[in-house]
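Here's the structure, in structure tokens; my notes come after.
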Amino acid sequence: MNYLKPGVWALSLLAAASVFAAEPVSVSIDTSKPGPVINKDIYGQFAEHLGSGIYGGLWVGPNSRIPNTKGWRNDVVGALKAMHVPLVRWPGGCFADEYHWKDGIGARDKRPVKVNTNWGGVEESNAVGTHEFFDLVEMLGADAYVNGNLGTGSAQEMSEWIEYMTSDSKSTLANLRRKNGRDKPFKVAYFAIGNEAWGCGGNMSPEHYADLYRNVETFLRAPAPYRPKMIASGGNDNDVSWSDVLSKQLKRQTDGISFHYYTIPTGKWEVKGAATGFAEQEWISTLANTLRMEQHMQRNSAAMDKHDPEKKLGLFVDEWGTWYDVEKGTNAGFLFQQNTLRDALVAALNFNIFHAHADRVRMTNIAQMVNVLQAMIITDKDKMLLTPTYHAFEMYVPFQNATFLPLTLSNNREYALDGASIPEISATAARATDGKVYLALVNTNPRQPADVAISLPGQQVQAVRGRVLTAAAMDAHNTFAAPQAVKPAPFSAKAVDGKLSVQIPAKSVVVVAVE
Ligand code: AHR
């Protein structure tokens, strides 16, 4: 295998407006037929009270020696701001259905200590509550997605929480919010009624959940400018009936239905596969499993189309990402896993799928933001590193609120191994808010680069400029000793005789502006 160091790609690719032996893959972007806007919230994040996802990883408290603002780590917040996080979902997850919001307001030293029964049985201090969460999202310049408690909560508890957060009146609850330091209402962009009602949220049927949802939603009244989008907690990869039943029964009372799908290398929850040190069989199985998101989006959109052909409801993939065996020596309830180049490709492949379904998929949340599952950031005490997944999110920033452009992919080969087979190149294009056309390309083949010819019919393509993320090993990752081992490098190419070709390195993600 002929690997180049990432920094060398730029030079070699400038020279790579070249003549290739094999017929190149062809990408033709049609700028005359713009599609829907790719909602920035597709790039949403998820922060649950789970392991060090919040405590330690994000929140250290105002008295910590780790530099912080209002208790939130400056290093982590700074890095998240740089990747333009548009939306954060909180407080769970399964945790949401045991969370009582009144435990998390008022003086922190007087808040009740609970047991986090979902995640490791550890003590939950409630130090992070509603006000702290909004401090975080407001520092990030992000919107808030609050997940209500249907499991152990009630319509009254959720309706009071909405009033506490959103009322501009002089009601007792709004005044309590003021007493706790916040005069103006908080902006809640989305509010979900429960989580995984088919599992940790109560083991219900979709019909039973639909009845409960209708009842609760009736009482979640917020003044017009502060009314959140209401989300019904939907199904998972095993069951499309939730999208069917909920879109039929709730369409006048909901703005969208959620969906969860996790990528597991083996496809088996009992032995999921390792985050690092895996064989090529688990490289291809992971990417093949993540590409199933396409079928899930098709099937769930089709189920919703039956009852909502105008596509008023959103399909909100509010949990997705890789789920591996936990790292040895860590608390199994903390879901801590390493994050490699493979995860960056998983993220990019999912972005490309979500873009293609942007008419229905208007919000998603990767699980999770820091230290949990497919994280953007890993911390250890005062140290922090950015994962390959972070870099994929940051490279795709131009696609936030961009307008989808259809493209035709021809001569695409299959990357195959031991009976498994997936397309070698995945691509997506959009016109960004800066007016430029952006193209993202993923080469799933860990052994072979791919030659790609890029064209915009009716227009001259002169050059492409952007960045590439790749590395020598399939499981390349950043560590505290080598935090920059995997990071994007410049990537560009110029047209020769009016034709533009690039070589996409093996196992890489490329995002370029097309000039
Ligand atoms: O993201 C971890 C957990 O996965 C969430 O709490 C739950 O909703 C899902 O099962």
Side-chain angles (χ1 to χ4, degrees), residues 44-55 57-58 87-99 114-122 124 128 133 145-153 190-204 206 209 231-239 242 246 256-264 267-270 272 275 289-290 293 296 315-327 330-339 343 346-347 350 363-378 387 389:
Q45 296 286 327
F46 176 27
E48 180 167 14
H49 289 239
L50 193 178
S52 51
I54 290 186
Y55 298 113
L58 269 160
L87 178 76
V88 185
R89 177 181 185 229
W90 172 85
C94 297
F95 180 82
D97 278 304
E98 292 192 343
Y99 180 66
K114 296 278 183 77
V115 177
N116 189 333
T117 58
N118 281 292
W119 305 118
V122 295
E124 164 58 55
V128 169
F133 170 63
Y145 169 4
V146 175
N147 207 118
N149 176 352
L150 181 69
T152 61
Y190 301 88
F191 188 89
I193 299 177
N195 167 72
E196 294 194 351
W198 43 264
C200 67
N203 289 306
M204 302 174 210
Y209 172 79
I231 302 180
S233 179
N236 59 32
D237 49 309
N238 292 320
D239 193 355
W242 285 77
L246 301 187
I257 295 162
S258 71
F259 175 81
H260 291 180
Y261 174 53
Y262 283 99
T263 298
I264 299 171
K268 296 193 183 90
W269 284 97
E270 305 72 43
K272 296 181 264 301
N289 287 345
T290 219
M293 185 66 93
H296 298 318
L315 176 60
F316 300 140
V317 188
D318 64 7
E319 289 184 29
W320 66 273
T322 53
W323 195 321
Y324 305 127
D325 297 330
V326 294
E327 298 296 337
T330 66
N331 185 325
F334 287 6
L335 308 186
F336 174 68
Q337 62 191 37
Q338 206 16 292
N339 191 297
D343 294 85
V346 163
N350 280 281
M363 184 265 273
T364 88
N365 308 88
I366 191 170
Q368 298 193 6
M369 193 154 69
V370 179
N371 289 335
V372 175
L373 297 175
Q374 191 179 344
M376 312 302 111
I377 289 175
I378 292 176
T387 66
T389 299

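Numbering of ligands and ligand atoms starts at 1, following listing order. All values derive from a computational prediction rather than experimental measurement.
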Using side-chain heavy atoms (C-beta onward) and a distance below 4.5 Å, is Phe336 in contact with Ile378?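 Touching, per the 4.5 Å side-chain cut-off.
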pair Ile366-Gln45: side-chain heavy atoms closer than 4.5 Å: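 Ile366 reaches Gln45 side chain to side chain.
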Residue part near ligand 1, for [X], under 4.0 Å between non-hydrogen atoms:
| X | value |
| --- | --- |
| Phe95 | neither |
| Val372 | neither |
| Asn195 | side chain |

Testing the basics here: between Ile54 and Ala47, what is the closest heavy-atom pair and its distance to 0.1 Å?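 Smallest heavy-atom distance, with atoms named: CD1-O, 3.8 Å.
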In terms of the angle between their ring planes, are Phe133 and Trp90 parallel, tilted or perpendicular, with boundaries placed at 30° and 60°?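 Answer is parallel, since the angle falls under 30°.
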So Tyr209 and Trp242, would you call those rings parallel, tilted or perpendicular, with 30° and 60° as cut-offs?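 Answer is tilted, since the angle falls between 30° and 60°.
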Donor-acceptor pair, Thr322 side chain versus Thr263 backbone, under 3.5 Å?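 The answer is no, because no donor-acceptor pair under 3.5 Å joins these two groups.
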So which of Glu319, Gln368, Glu48 gets nearest to atom 4 (O) of ligand 1, if we judge by its closest heavy atom?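 Shortest heavy-atom distance from atom 4 (O) of ligand 1: Glu319.
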Give a yes or no on whether the ring-centroid distance for Tyr145 and Phe316 is below 6.0 angstrom.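 Centroid separation for Tyr145 and Phe316: 6.0 Å or greater.
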Give the residue, atom name and distance (to 0.1 Å) of the protein heavy atom nearest atom 1 (O) of ligand 1.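 The answer is Tyr262 OH, 2.8 Å.
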Got the closest protein heavy atom to atom 10 (O) of ligand 1, with its distance?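 Its nearest protein heavy-atom neighbour is Glu196 OE1, 2.8 Å.
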Compute the shortest N/O to N/O distance between Cys200 and ligand 1 and return yes if it is under 3.5 Å, no if not.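 Between Cys200 and ligand 1, no N or O pair is found under 3.5 Å apart.
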Should you measure from each heavy atom of [X], which atoms of ligand 1 turn up under 4.0 Å away?
| X | value |
| --- | --- |
| Leu373 | 1 (O), 2 (C) |
| Trp323 | 4 (O) |
| Phe46 | 1 (O) |

Say whether Trp119 and ligand 1 are in contact under the criterion: heavy-atom distance to a ligand atom below 4.0 Å.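 It does, in that a heavy atom of Trp119 comes within the 4.0 Å cut-off of ligand 1.
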Taking it one step at a time, do Glu124 and Val115 satisfy side chain to side chain contact (heavy atoms under 4.5 Å, CB included)? CA-CA 6 Å; Glu124 164 58 55; Val115 177; over 6 Å; no
